[in-house]
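The next block holds one structure in the form of structure tokens; read it before the comments.
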Protein chains: 2
Amino acid sequence: MSRLVRKSIGELKAYVPGEQPSDPGIIKLNTNENPYPPSPNVLEILRKFSSGKLRLYPDPVCTELRESIAAYHDCDPEQIIVGNGSDEILALCIRAFVERDSAVSYFDPSYSLYPVLSAIEGVRQIPVSLGAEFEWVDPPKGDSSLFFLTQPNAPTSLIYPKSKVSRFAAAYPGVVVIDEAYVDFADRNCADLALSMDNVIVARSFSKSFSLASIRAGYAVGPLPLIEAMYKIKDSYNVNLITQAAAKAAIEDADYMRGNVKKIRQTRERSAAALTEMGFTVLPSQTNFLWVRPARGEAKILFEQLKDKRILVRYFDAERTRDYLRITVGTDEEMDALLAALGAMMVNG
Amino acid sequence: MSRLVRKSIGELKAYVPGEQPSDPGIIKLNTNENPYPPSPNVLEILRKFSSGKLRLYPDPVCTELRESIAAYHDCDPEQIIVGNGSDEILALCIRAFVERDSAVSYFDPSYSLYPVLSAIEGVRQIPVSLGAEFEWVDPPKGDSSLFFLTQPNAPTSLIYPKSKVSRFAAAYPGVVVIDEAYVDFADRNCADLALSMDNVIVARSFSKSFSLASIRAGYAVGPLPLIEAMYKIKDSYNVNLITQAAAKAAIEDADYMRGNVKKIRQTRERSAAALTEMGFTVLPSQTNFLWVRPARGEAKILFEQLKDKRILVRYFDAERTRDYLRITVGTDEEMDALLAALGAMMVNG
């Protein structure tokens, strides 16, 4: 380790994103991407981009995109901040709301980026263990000033009762960031809490339901004083011009997104039933992935055998997660291929 | 100020980017954009983008783009990290190399983002005053661990002697980031220092010479241990897919960029001569802008009068800069309009 690098960075374990293989023959069910393309309007935007605009800086505060997002949420554009992916939104929250001697809390297991972001900022981490079946537990009184609450949760695919979420937020002394990356696949959301409570921010992403992981767009909705603080510390031009235009086209065609979501939910239910039939424990998913436990504690073996068959799913080798696989819901054809491969393994295993 | 926001953020004065008016009738010489479009290959990339790729996450480490950048610099791709604009590169440098109880140094005046980034990270700032004519001064022994060295400098447009830069870097105990955002408009660069010294990073941008401010792409070249530390703390997918492809197309067509640079340098010299003729003090620019002092201490008045005539230039109302205007070099036609407007003001003024 170079003496020139900060000590805490040298010791840091970086976040490991799921594999992004370039081989198009691989069935990719490992990073919760949408199997369907985005609204055709997005491609139309790219087709008609004029060269003259490319040389200019983008709007630093995404005015037009925020107007479309505000219309979608029926709120004021001032209550919206757009990020270079919702990952940037999460990082900004720590930088804006957590003093160096304070801490960040989140449920365990949830999104594995939270502890990494906290470590980068050099603040303490107070994970709160979920129940035995990954169900909600009331977090103990701690001294954290930011709580990342993933709803629905990843990698467990479960949604918490909204009454638990709102009661917790009302009692929590700091900022609650409800990370709703997967919420369009669920039966309900918490956007109204961000518009009614003074300490709740809802984070959203264009990566999953809107099929736009490539362009890096996410946003936060929340109370004005919190959103304003995030504006002060974001990079000046954090969202590029093309992403602003593409995200705007996508959210203005939300019905197209909802059509894709409907297909994915149907495939999800069908795949969950088939996996249950095969002996897997399948948690009731409110996301675009399934969190499944094989009968005989063989999650890691199945993960590797699937990989040999060019089917990528996600395996998290940590205490609470190592008996499970996280399987993105792909197209019907992709899920049939997965089910057939698993079926063959169970017979031979 | 909300009690939920960090104290230092509440007190922070945010960076103010130059105006980005949407009115196409305005002559925009205020944010150092390139007046010419990027390589036609960039537009070609946008035209033929396939919808299928948009739904997938981008390569988190920009493999193909880095190969093209490495070929351009004749170095190893491992020595390159790409950022969401070079602003992100600068922020990553503070986060990676400056302990909380240490400090960041930079010349005054230089890029006004450095103190803002330092304040966001909560580290001390040690500005070093340039000489009376903005010339190099040897920074005093301080206890900073990062020095942002803008070469050529903004807003002064001057280039420092390379021998001064390399001697300073050799003696400096921390990391020297040579911010070469404008270097393609200069006679020489310092990329070789980043490839030969263990504490020097060179930051580059696609925004100016490559005419791609819209897409947010910048990168750092430097020693492996420093670049690796920056990778550990960047957002997982910090550069979107379209930007990766567009920047790659641009840097592989560097001759096109050099053609634009040649035109801009010619316009720069012609405009500098005309402004000198009109009584302005014009510093010898090695950038795509001119740093000029009107004869009668009327910089702010001229700035406002030009704005009334729909010509935007940049005015920095701070101690060292308030007698000057920063004027981006536009097309010949734009500069003729500027010169005519200034001429009329001088007669009437």
Side-chain angles (χ1 to χ4, degrees), chain A residues 2 4-7 9-10 12 14-15 17 20 31 33-34 36-38 42-43 46-47 49 51-60 84-85 87-88 91 95-100 113 120 122 174-175 199 211-216 225-226 229 231-233 235-238 240-243, chain B residues 2 4-7 9-10 12 14-15 17 20 31 33-34 36-38 42-43 46-47 49 51-60 84-85 87-88 91 95-100 113 120 122 174-175 199 211-216 225-226 229 231-233 235-238 240-243:
Chain A
S2 166
L4 298 166
V5 175
R6 274 177 69 200
K7 195 160 172 295
I9 305 300
L12 188 75
Y15 174 75
Q20 298 294 349
T31 54
E33 287 141 336
N34 197 309
Y36 303 110
V42 172
L43 215 58
L46 295 187
R47 294 273 177 274
F49 234 86
S51 189
K53 285 206 154 183
L54 288 172
R55 68 182 183 85
L56 299 173
Y57 281 98
D59 177 354
N84 184 37
D87 286 354
E88 186 191 26
R95 283 182 218 134
F97 308 127
V98 187
E99 298 286 3
R100 300 288 180 218
L113 183 67
I120 290 170
V175 175
N199 69 330
S211 310
L212 282 172
S214 67
I215 67 162
R216 316 308 300 129
L226 305 187
Y231 271 105
K232 285 176 97 170
I233 58 171
D235 276 352
S236 321
Y237 300 101
N238 62 326
N240 75 82
L241 179 74
I242 299 171
T243 293
Chain B
S2 167
L4 298 166
V5 175
R6 275 177 67 200
K7 196 159 170 297
I9 305 300
L12 188 73
Y15 174 76
Q20 299 294 347
T31 53
E33 287 142 336
N34 197 310
Y36 303 109
V42 172
L43 214 58
L46 295 186
R47 294 271 177 275
F49 235 86
S51 188
K53 283 205 156 183
L54 288 172
R55 68 182 184 85
L56 299 174
Y57 281 97
D59 177 356
N84 185 37
D87 286 353
E88 187 192 26
R95 282 182 218 133
F97 307 127
V98 187
E99 298 286 2
R100 299 290 180 216
L113 183 67
I120 291 170
V175 175
N199 69 330
S211 310
L212 282 171
S214 67
I215 67 162
R216 315 307 301 127
L226 304 188
Y231 270 105
K232 287 175 97 171
I233 58 171
D235 276 352
S236 321
Y237 300 101
N238 62 326
N240 75 84
L241 179 73
I242 299 171
T243 294

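The chains referred to below are lettered A, B, ... by the order of the sequence lines, with proteins before strands, and numbering in each begins at 1.
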Please evaluate residues B:I242 and A:L46 with respect to the criterion side chain to side chain contact (heavy atoms under 4.5 Å, CB included), reporting the C-alpha separation (whole Å), side-chain torsions for both, the decisive distance (0.1 Å), and the verdict. CA-CA 10 Å; B:I242 299 171; A:L46 295 187; 3.9 Å; yes
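- Under a 3.5 Å cut-off, the side chain of A:R6 and the backbone N or O of B:R95 do form a donor-acceptor pair.
- Two residues are said to be in side-chain contact when any heavy atoms from C-beta on lie closer than 4.5 Å; A:K53 and B:S214 fail this criterion.
- Ranked by heavy-atom pairs shorter than 4.5 Å toward chain B, the options A:S236, A:P38, A:A96 are led by A:A96.
- With a 4.5 angstrom heavy-atom cutoff, B:V42 touches chain A only via side-chain atoms.
- A:R216 places no side-chain N or O within donor-acceptor distance of the main-chain N or O of B:Y57, the cut-off being under 3.5 Å.
- Atom CG in A:N84 sits 7.0 Å away from atom CG in B:N240 (nearest 0.5 Å).
- Listed for the B:E88 side chain is no donor-acceptor partner under 3.5 Å among the backbone atoms of A:D235.
- Two residues are said to be in side-chain contact when any heavy atoms from C-beta on lie closer than 4.5 Å; A:P225 and B:L4 fail this criterion.
- With a threshold of 4.5 angstrom between heavy atoms, B:Y36 approaches chain A through N, CA, C or O but not through any side-chain atom.
- Chosen from A:P60, A:G85, A:G174, A:P58, the residue pairing most often with chain B at heavy-atom distances under 4.5 Å is A:P58.
- Put simply, of A:A91, A:S51, A:G122, A:G52, the one with the most heavy-atom pairs under 4.5 Å next to chain B is A:S51.
- The distance from the CG atom of B:L43 to the CG atom of A:L54 is 6.0 Å, given to the nearest 0.5 Å.
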